[in-house]
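These values consider heavy atoms only, across backbone and side chains, with no hydrogens, waters or symmetry-generated copies.
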Amino acid sequence: MVYSNDLSVSSISRDAVRHNMADNFETEMLKQRRQLYTTVFSQSFSPCGRFVAVCDNFGRITLFSLAASLSADAKEDSRKPVFTFQAHNGPVYTLSSTERFLISAGTGDIKAWSWADILKKSPKVQWSLSPPFNHSFDNPETNSVVITKDGMLCSGCGDNNVYLWDMQSGTCTNTLKGHTDYIHALTLRGNDQQVVSAGEDGAVRIWDLRDSREAVHVLEPYKHDVCARPEQGRWIGCVAVDSGDDWLVCGGGPSLSLWHMRSMTPVVAFSTPNSSQNVVMFQEDQIMSAGSSPCVNHWSMNGELRSQVPCTPPCIYSMAINTNSASYKVLSAAGSSAKVDIFTNFGYKAFSMLVC
């Protein structure tokens, strides 16, 4: 009987081991599949500049430590996520930060998370905004969020509208209507007195936030020979304005193009014959863009391609520069990959961080 009982216990132990091995194998396979199909849509740096948060198509927000990653004795573990949490039930398309909050949006509500709580690895929704969508059978996404200096939040959505929010009261104060298809990107202009929206309808609309009944200017790049590419479509996926408010750059289906804001005309088209640009920014005396090719483009203002810096993601959806800390000033680029590329001098990729 003793022998029999020992055998029974031994069999149970072997079964437990097999089950644990199967569970571990399944967990590892799920992790690998997620990494294979992860897309990072947006990034935001912490107010202290020591951390970067990224969001993905699985509804997660992942935090990395730039301080650890850039230290002289950094190892492979130094570049692993510090913390990951489930923020939304569907994809998170955009992140933005204030001094206190990390704001995330995508499917469902716009949510605010305390940076202090995130750094303690105990995030809680501090407040949320529910866009007043008019559609009863679907829930359009929020694709872009920008925040003015006086605390107004602007959200560009899949129902073709831009919503203006008072973050103190949590109320929607106005709806900017005019786009006929969903909005891809927003940026601010004129000391935050104007918001610029770019949409799938091929229009770039400039709105005066002080009198926002209708757009004060409408640009339609697909109608101009210098930048039209009918075979690529009319959609505009990215837009940026320089700090002096003299120039606007935008692109998508049409070629990336530079517009003179006083004349509202395109003056330069940037040659990307096999690529559509998804993200663009002004950086000192140059323009940086990226899109459906695995590289970051550096352009002079006259349209000359200065350099193409290789990236890990086959398609880039997000670029960000950390201006919150001189010690950790980096460019990060992310897209259709679980790897977020970090550039320390903007001219080459220093390393990648993996979203688990």
Side-chain angles (χ1 to χ4, degrees), residues 41-42 44 88 91-98 101 103-112 127-135 138-222 234-241 245 248-252 259 261 264 278-281 317-318:
F41 289 113
S42 186
S44 189
H88 293 250
V92 185
Y93 293 120
T94 182
L95 295 177
S96 189
S97 283
T98 69
F101 299 114
I103 296 170
S104 63
T107 51
D109 291 348
I110 300 168
K111 299 180 181 182
W127 48 261
S128 61
L129 306 173
S130 299
F133 297 132
N134 295 322
H135 302 272
D138 57 8
N139 190 11
E141 72 281 353
T142 299
N143 292 319
S144 184
V145 164
V146 292
I147 302 168
T148 67
K149 295 172 184 174
D150 59 2
M152 178 187 292
L153 184 147
C154 309
S155 59
C157 298
D159 66 346
N160 315 339
N161 295 328
V162 178
Y163 295 103
L164 309 183
W165 302 86
D166 180 345
M167 289 196 295
Q168 291 293 327
S169 64
T171 57
C172 181
T173 60
N174 207 343
T175 301
L176 309 183
K177 298 182 177 181
H179 283 281
T180 59
D181 213 330
Y182 58 88
I183 295 166
H184 283 290
L186 299 177
T187 193
L188 295 168
R189 179 178 183 263
N191 198 29
D192 289 6
Q193 297 300 313
Q194 295 180 330
V195 64
V196 184
S197 56
E200 183 73 10
D201 58 359
V204 174
R205 292 180 175 268
I206 303 172
W207 313 83
D208 190 332
L209 296 177
R210 297 161 295 184
D211 182 16
S212 49
R213 288 169 292 181
E214 60 182 33
V216 294
H217 298 290
V218 180
L219 312 178
E220 296 176 303
Y222 71 94
R234 62 174 62 180
W235 61 278
I236 301 296
C238 59
V239 63
V241 177
D245 290 332
L248 177 148
V249 62
C250 62
W259 293 66
M261 295 303 288
M264 294 294 167
N278 299 322
V279 57
V280 66
M281 64 175 66
Y317 292 114
S318 174

If you compare all heavy atoms of Thr94 against all heavy atoms of Val145, which two are closest, and at what distance to 0.1 Å? OG1-N, 3.5 Å
Scanning both residues in full, the closest heavy-atom pair of Gly178 with Trp207 reads N-CH2, 4.0 Å
Considering non-hydrogen atoms only, spot the tightest contact between Val204 and Val239 and give its length. CG1-CG2, 4.3 Å
Summary of ring pair (Phe, Tyr, Trp, His ring centres under 6.0 Å) pairs that have at least one residue in residues 180-202, sequence neighbours excluded: Tyr182-His184, His184-Trp235
For Thr142, all residues meeting side-chain hydrogen bond (donor to acceptor under 3.5 Å, both in side chains), sequence neighbours excluded: none
Can you measure from CG (Asp159) to CD (Glu141) and round to the nearest 0.5 angstrom? 9.0 Å
How long is the span from the OG1 atom in Thr180 to the CD atom in Glu200, to the nearest 0.5 Å? 9.5 Å
Stepwise side-chain contact (heavy atoms from CB on, under 4.5 Å) check, Asn278 with Cys238: CA-CA 5 Å; Asn278 299 322; Cys238 59; 5.8 Å; no
Do the charged groups of Lys111 and Asp109 touch, with an N to O distance under 4.0 Å? no
Applying salt bridge (charged side-chain N to carboxylate O under 4.0 Å, His left out), name anything that partners Glu220, two or more places apart in sequence or on another chain. Lys223
Not counting sequence neighbours, which residues clear side-chain hydrogen bond (donor to acceptor under 3.5 Å, both in side chains) with Asn174? List them please. Ser212
Write down the atom of Ser104, the atom of His88, and the distance for their closest heavy-atom approach. OG-NE2, 2.8 Å
Residue pair Leu209 / Asp192: nearest heavy atoms and the distance that separates them: CD1-O, 3.6 Å
If I take atom SG from residue Cys154 and atom OH from residue Tyr163, how far apart are they, to the nearest 0.5 angstrom? 13.5 Å
Do the ring planes of Tyr317 and Phe41 sit parallel (below 30°), tilted (30 to 60°) or perpendicular (above 60°)? tilted
Flag, side chain of Asn143 to backbone of Ile183, donor-acceptor distance under 3.5 Å: yes
Between Ser318 and Val279, is the side-chain contact (heavy atoms from CB on, under 4.5 Å) condition met? List the steps. CA-CA 6 Å; Ser318 174; Val279 57; 5.7 Å; no
Rounding to 0.5 Å, atoms OG1 (Thr148) and CH2 (Trp165) come to a distance of 14.5 Å
Check against side-chain contact (heavy atoms from CB on, under 4.5 Å), His179 and Arg205: CA-CA 8 Å; His179 283 281; Arg205 292 180 175 268; 3.6 Å; yes
Is Asp245 reaching over with its side chain to a backbone N or O of Gly190, donor-acceptor style, under 3.5 angstrom? yes
So, taking the atom named CD1 in Ile147 and the one named CD1 in Ile103, what distance separates them when rounded to the nearest 0.5 Å? 3.5 Å
At their closest point, which heavy atom of Ser96 faces which heavy atom of Ser44, and how far apart are they? C-OG, 3.8 Å
Taking only residues two or more places apart in sequence, or in another chain, which ones meet Asp166 in a salt bridge (charged side-chain N to carboxylate O under 4.0 Å, His left out)? none
Check for a donor-acceptor pair, side chain of Ser144 on one end and backbone N or O of Leu186 on the other, with a separation under 3.5 Å. yes
Please enumerate all residues that pass side-chain contact (heavy atoms from CB on, under 4.5 Å) together with Asn191, with sequence neighbours excluded. Lys149
Going from CG on Leu219 to CD1 on Ile206, what distance comes out if it is rounded to the nearest 0.5 angstrom? 5.0 Å
